[in-house]
There are 2 protein chains.
Amino acid sequence: MKKSYHHGDLKQTLVGTLYELVNSEPLEHLTVRFLTDRLGVSRTAIYRHFPSKEALFSAVVQKAFDALEAALAEVAVEQDPLQRLHGLGGAYLDFALHYPRHYRLMMNDQWRVYREHGCSDCEDKRKGGAFEIVIDACRAAQAAGALREEDALTQATAFWAMVHGIASLTIDGHLPEEEMGALYESLFRMSCEGMCR
Amino acid sequence: MKKSYHHGDLKQTLVGTLYELVNSEPLEHLTVRFLTDRLGVSRTAIYRHFPSKEALFSAVVQKAFDALEAALAEVAVEQDPLQRLHGLGGAYLDFALHYPRHYRLMMNDQWRVYREHGCSDCEDKRKGGAFEIVIDACRAAQAAGALREEDALTQATAFWAMVHGIASLTIDGHLPEEEMGALYESLFRMSCEGMCR
DNA sequence: ACCTGAACACCGTTCAAGT
DNA sequence: ACCTGAACACCGTTCAAGT
């Protein structure tokens, strides 16, 4: 293997390397120069493959969404429908806690234009595969008589908002990290049983 | 009133002007040059009053938290405790929807160091005045027999996470803006009555 | 005490030129 | 087709100097 003039697969290498760097480096360090220096290519090499730094980052965001979907799919095999829903929320929170910079990137409104350009009719992200998994779990729980028979999309959205709320407030330092697990258990129970009496 | 060499109250003018500009300009336009040019002072004038651009922004964030607290305090006069809780969530969502850039700034983990430096023992933001209003509403609802007698802090945190989840996903384009109101009604009802059966 | 102007080390991006 | 190197218009911040 020799260092050649043509890199071979620079596009995928750029996305993959940046994806890894997001783990270890704060966002403000991730300049075009930092990335290209690490790869040993010129500063302007990215513009052969992406129209802008923003477009490159949005490819990384897409990869992160795929990783989240894979993590959710892994725990979606659970048979008991309420347990499955519980496990999906847990896996979601684990992802956010282990990859906080990826998670922030995914949720950032900066990539709105890329999200909307990427698919045909997705004003909201709920069309994505990860969200389908949650809707399916709600439908299954309804069929099993564990969940009230309401609109499954609304139920899944409620669940997402709750879990995202916990994740987001925690990784941005508004809630103590070590209490996240216990908070999730409390909220899951509350939303199941109801807070009113 | 003449344009003098000494500005008089440049510090407060910087914070106030920037606070207003956050409304009308995207964050990436809000450079030190943009702000100082608008005020007719030199580019480096901010460093007399703040150690960095970041510190200036964190003062704007503090002002935004004060504004949110004021908005919540306004609806906290409602007597019926469950209605009061409902109104608090609604006012919170209104704030996020009307001032999305302020809201993102407030939640950004970039100011963590300033949040922690600002007060003596606040690893989490729940010590703040805005959150106290929500806890009080939970306690009042418990006393009135409208809410289950559980830890009020946990209940208030649950409520915050839910409302922040809706706000955050909506203003960052993951959920359609026009459905936010209806989603809040659904979630409020669900968390009250419970989703399981 | 408060503000300025030149300078510095960065940044993303362009474009003509090289292979 | 793919990559480079010099250049451009930005950015936050420092610092000696002015009032």
Side-chain angles (χ1 to χ4, degrees), chain A residues 1-19 21-22 24-61 101 104-105 108-114 117, chain B residues 1-19 21-22 24-61 101 104-105 108-114 117:
Chain A
M1 188 91 86
K2 64 190 287 288
K3 207 175 176 185
S4 69
Y5 174 71
H6 286 82
H7 192 282
D9 197 2
L10 184 54
K11 180 164 186 171
Q12 208 169 312
T13 306
L14 283 166
V15 176
T17 305
L18 184 53
Y19 185 88
L21 284 174
V22 171
S24 54
E25 297 287 335
L27 190 59
E28 65 268 26
H29 289 187
L30 297 180
T31 64
V32 172
R33 282 157 163 81
F34 184 85
L35 175 63
T36 52
D37 284 1
R38 172 130 341 187
L39 258 49
V41 294
S42 116
R43 286 146 162 58
T44 56
I46 72 159
Y47 298 99
R48 279 299 117 198
H49 306 283
F50 297 96
S52 65
K53 184 195 182 189
E54 214 179 25
L56 167 58
F57 267 77
S58 90
V60 171
V61 167
R101 294 198 190 95
R104 276 187 214 108
L105 235 40
N108 198 310
D109 91 307
Q110 197 171 4
W111 328 112
R112 210 172 185 147
V113 56
Y114 296 94
H117 183 263
Chain B
M1 188 92 84
K2 65 189 285 291
K3 206 175 177 185
S4 68
Y5 173 72
H6 287 80
H7 191 283
D9 198 1
L10 184 54
K11 180 164 187 171
Q12 207 169 312
T13 307
L14 283 167
V15 175
T17 306
L18 185 53
Y19 186 88
L21 284 175
V22 171
S24 54
E25 297 288 335
L27 191 58
E28 67 267 27
H29 288 188
L30 297 180
T31 64
V32 172
R33 280 156 165 82
F34 185 87
L35 176 63
T36 52
D37 283 1
R38 170 127 345 184
L39 257 51
V41 295
S42 114
R43 287 143 161 59
T44 56
I46 72 159
Y47 297 100
R48 278 300 117 196
H49 306 283
F50 298 96
S52 64
K53 185 195 181 190
E54 213 179 25
L56 167 58
F57 267 77
S58 91
V60 172
V61 166
R101 295 197 189 94
R104 277 189 213 108
L105 234 41
N108 198 311
D109 91 308
Q110 196 171 3
W111 328 111
R112 210 171 185 147
V113 55
Y114 296 96
H117 184 263

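Protein chains get the first letters and strands the later ones, always in sequence-line order, with residue 1 at the start of each. Being a predicted model, the structure only gives us computed values, none of them experimental.
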To the nearest Å, how far apart are [X] [atom1] and [N] [atom2]?
| X | N | atom1 | atom2 | result |
| --- | --- | --- | --- | --- |
| F34(A) | dG12(C) | CZ | C1' | 17 Å |
| D37(A) | dT4(D) | CG | C1' | 13 Å |
| R43(B) | dC10(D) | CZ | P | 10 Å |
| I46(B) | dT13(D) | CD1 | P | 6 Å |
| L39(A) | dC2(D) | CG | P | 16 Å |
| E54(A) | dC11(C) | CD | C1' | 15 Å |
| E28(A) | dC11(D) | CD | P | 18 Å |
| D9(B) | dC2(C) | CG | C1' | 13 Å |

Specify the closest pair of heavy atoms between [X] and [Y], including all atoms of both residues, with the distance to one decimal.
| X | Y | value |
| --- | --- | --- |
| L39(A) | L14(A) | CD2-CD2, 3.8 Å |
| V22(B) | R101(B) | O-CD, 3.2 Å |
| Y47(B) | S52(B) | CE2-CA, 4.1 Å |

Considering heavy-atom distances to DNA chain D, does V32(B) or S42(A) have its closest nucleotide positioned more toward the 5' end?
-> S42(A)

Relative to the 5' end of DNA chain D, which residue comes earlier, T44(A) or Y47(B), by the nucleotide with the nearest heavy atom?
-> T44(A)

Closer to the 5' end of DNA chain C via nearest nucleotide, is it A45(B) or P51(A)?
-> A45(B)

Tell whether R33(A) reaches the base of dG12(C) with its side chain through a donor-acceptor pair below 3.5 angstrom.
-> yes

Partner of H49(A) under side chain to side chain contact (heavy atoms under 4.5 Å, CB included), chosen from T13(A), L10(A), D9(A) | L10(A)

Applying the side chain to side chain contact (heavy atoms under 4.5 Å, CB included) test to F57(B), which of L30(B), V15(B), N108(B) qualifies?
-> L30(B)

Closest nucleotide among dC3(C), dC3(D), dT13(D) to the R48(B) side chain = dC3(C)

Using a 4.0 Å heavy-atom cut-off across all strands, classify H49(A) as base, sugar-phosphate, or nothing.
-> sugar-phosphate

Dot-bracket for DNA chain D, 5' to 3', counting Watson-Crick or G-U wobble pairs under 3.5 Å, with [ ] for crossing pairs and | for inter-strand pairs?
-> ||.|||||...|||||.||

Can you tell me how far OG of S42(B) sits from CZ of R33(B), rounded to the nearest 0.5 angstrom?
-> 10.5 Å

Could you give the distance from NZ (K11(B)) to CG (L56(B)), rounded to the nearest 0.5 Å?
-> 10.0 Å

